[in-house]
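Just so it is clear, the model here is predicted, and its values are computed rather than measured. Below, all heavy atoms of this structure are taken into account, side chains as well, without hydrogens, waters or symmetry copies.
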Amino acid sequence: MAPAVPSGMDRPHFIGIGGAGMSGIAKILALRGARVAGSDAKESATVAALRDLGVTVHVGHAAEHLAADATSVVVSSAIRADNPELAAAAAHGIPVVHRSDALAGLMTDHRTIAVAGTHGKTTTTSMLAVGLGALGLDPSYAIGGDLAGPCSNAHHGTGGIFVAEADESDRSFHAYRPDVAIILNVELDHHANYGSMEEIHVSFETFAGRIRPGGTLVVSADHPGARELTARVRGIADVTVATYGESPDADVRVLDVTARGLTSEVTVLLGGERLTFAVSVPGRHYAHNAVAALAAGVAAGVPAAALADALAAYTGVGRRLQRVGEAGGVQVIDSYAHHPSEMVADLEAMRAAVPEGRVLVVFQPHLFSRTKELGAEMGAALALADASIVLDVYPAREDPIPGVTSALITDAARAHAADVTAAPARDAVPEAVAGTAKPGDLVLTMGAGDVTELAPLILARLENGGEH
């Protein structure tokens with residue numbers, strides 16, 4: 001029997017339907033037979049892909065976009081209270097459903113694997129989805145990034161497993177009841193919603209406490225915050241805790257990670273057996289993500305050796321060290337890294353990938369609140385690059401904070417002897433980078449905002465020899 005459309009979701013209206021999390025839920029509902037509609041701020045490839053599925057998408061936000069017979073209005077935490085469609089829902093008594101609750105409804109009647117952590121959620125969820133798919137298990141999934149083309153961030157599968165990215169940023173991952181949960185790491189982030197590490201730990205404890213009886217928590221044995229969390233949650237009744245990592249006490253022990261250019265090979269000890277398998281993306285942190293995916297799949301009943309081989313089918317997800325192209329002997333890679341820990345991990349991976357060349361970075365800070373709290377650490381991370389250009393802060397959903405600019409990052413980077421400059425006019429960045437790069441170098445566009453749009457422009461300049 002095909003999975004049912006959750007109650008109240010037969011005619012949903014999504015505000016911000018083109019977003020990474022929202023579009024995936026809308027896609028699955030449409031594929032299950034719901035009559036889906038929504039709005040977004042602008043046209044996009046994702047919006048076009050949703051329309052191809054029969055979804056009605058309005059551009060811009062207006063009260064008249066909300067159909068009179070809508071059974072629910074789906075929102076994310078990014079939707080402001082004064083949104084006219086949200087006001088129209090209140091005026092007409094149409095229930096408002098948070099994105100996480102809509103996703104939780106879709107996961108009913110599946111064996112659910114939920115992937116949480118401050119960093120690495122999208123990659124690990126994608127690895128699992130691709131690996132399970134390569135084994136013919138056809139999982140359903142909802143991911144915070146596209147695997148291939150637009151709107152490839154979700155799939156309505158025929159198998160019994162549902163893999164989902166579980167977002168801690170607004171505590172919305174408390175809505176899920178997973179059979180298997182992964183916690184990759186635990187760090188202080190999302191400063192608009194969390195005031196301390198204690199609040200972060202309590203939030204992750206709540207998430208772990210939502211695991212179904214008889215389920216499994218897969219958690220890093222190496223990350224300090226994750227180890228502390230493990231100590232806090234070991235008493236949860238009828239939940240198995242399986243740790244992974246390089247620590248000697250890890251249940252799934254990482255014995256070796258060997259870099260091979262833009263790929264790597266990892267050897268683990270699992271259930272007394274050694275397994276060596278390929279990871280088709282660069283970096284030690286991505287190898288650890290693959291091991292977490294392996295451990296979770298095994299906990300869900302998938303044979304270890306088969307899944308280890310299948311994980312090699314994963315070749316990346318949009319914006320996670322995504323190869324944009326190469327021209328003139330210069331590689332261009334796009335990275336979503338926006339927290340200092342992510343920046344360090346990706347920069348170390350790129351350094352290993354081009355040991356003889358330079359790593360040149362175009363970095364865009366994401367959110368004023370994050371820049372205020374972590375700007376100094378971001379600057380220190382950029383010292384790992386050979387040269388960096390820093391753009392203005394990408395505000396996303398936030399209003400400016402007086403005194404908080406990208407200068408907090410450039411000043412900190414210079415204090416660590418980094419070669420860093422503030423961006424010239426945005427349109428001049430591709431030419432500036434292409435004019436500096438030499439054969440053997442690697443250019444990394446980095447950040448969670450629209451810096452990604454510069455990567456193909458830089459590549460085009462390189463293809464033209466740095467000329468307009």
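No side-chain heavy atom of Val354 sits less than 4.5 Å from a side-chain heavy atom of Asp441. Between Leu454 and Val451 the shortest side-chain heavy-atom distance falls below 4.5 Å.
Ring centers of Tyr176 and Phe207: at least 6.0 Å apart, outside the cut-off.
Checked against side chain to side chain donor-acceptor pair (under 3.5 Å), Arg11 has no partners two or more places apart in sequence or in another chain. Val130 is linked by a side-chain contact (heavy atoms from CB on, under 4.5 Å) to Leu147, Ala313, Tyr314, counting only residues two or more places apart in sequence or in another chain. Taking the salt bridge (charged side-chain N to carboxylate O under 4.0 Å, His left out) definition, one finds that Asp101 meets it with nothing, sequence neighbours left out. Under the salt bridge (charged side-chain N to carboxylate O under 4.0 Å, His left out) criterion, Glu398 pairs with no residue, sequence neighbours left out.
Residues Ser196 and His201 have side chains that never bring a donor and an acceptor to within less than 3.5 angstrom of each other. Judged by distance alone, the side chains of His285 and Asp346 do bring a donor and an acceptor atom under 3.5 Å apart. No donor-acceptor contact under 3.5 angstrom links the side chains of Asp167 and Ser100, judged on distance only.
Side chain of Asn289 to main chain of Thr124: no donor-acceptor pair is present (N/O by atom type, distance under 3.5 Å, no hydrogens or angles). Counting only distance, with no hydrogens or angles, the side chain of Thr263 and the backbone of Ser280 share no donor-acceptor pair below 3.5 Å. A donor-acceptor pair is defined here as one N or O able to donate and one able to accept, closer than 3.5 Å; no such pair exists between the side chain of Ser203 and the backbone of Glu199.
More than 12 heavy atoms of other shown residues, nucleotides or ligands fall within 6.0 angstrom of atom CG in Asp138.
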The test is side chain to side chain donor-acceptor pair (under 3.5 Å); show your working for Asn185 and Ser220 and say whether it passes. CA-CA 6 Å; Asn185 36 59; Ser220 171; over 6 Å; no

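Summarising the geometry, atom CG belonging to Leu367 is positioned 9.5 Å from atom OH belonging to Tyr394; distances are rounded to the nearest 0.5 Å.
Note on residues 9-61: pairs passing ring pair (Phe, Tyr, Trp, His ring centres under 6.0 Å), not counting sequence neighbours, are His58-His65. For residues 112-122, the set of pairs meeting the side-chain hydrogen bond (donor to acceptor under 3.5 Å, both in side chains) definition, not counting sequence neighbours, comprises His119-Glu187, His119-Glu342, Lys121-Glu168, Thr122-Glu165, Thr122-Arg320.
Ion pairing of Asp146 with Lys27 is absent here, as no side-chain N (NZ or NE/NH1/NH2) approaches a carboxylate O to less than 4.0 Å. Under a 4.0 Å N-O distance rule, the pair Glu348/Arg284 does not qualify as a salt bridge.
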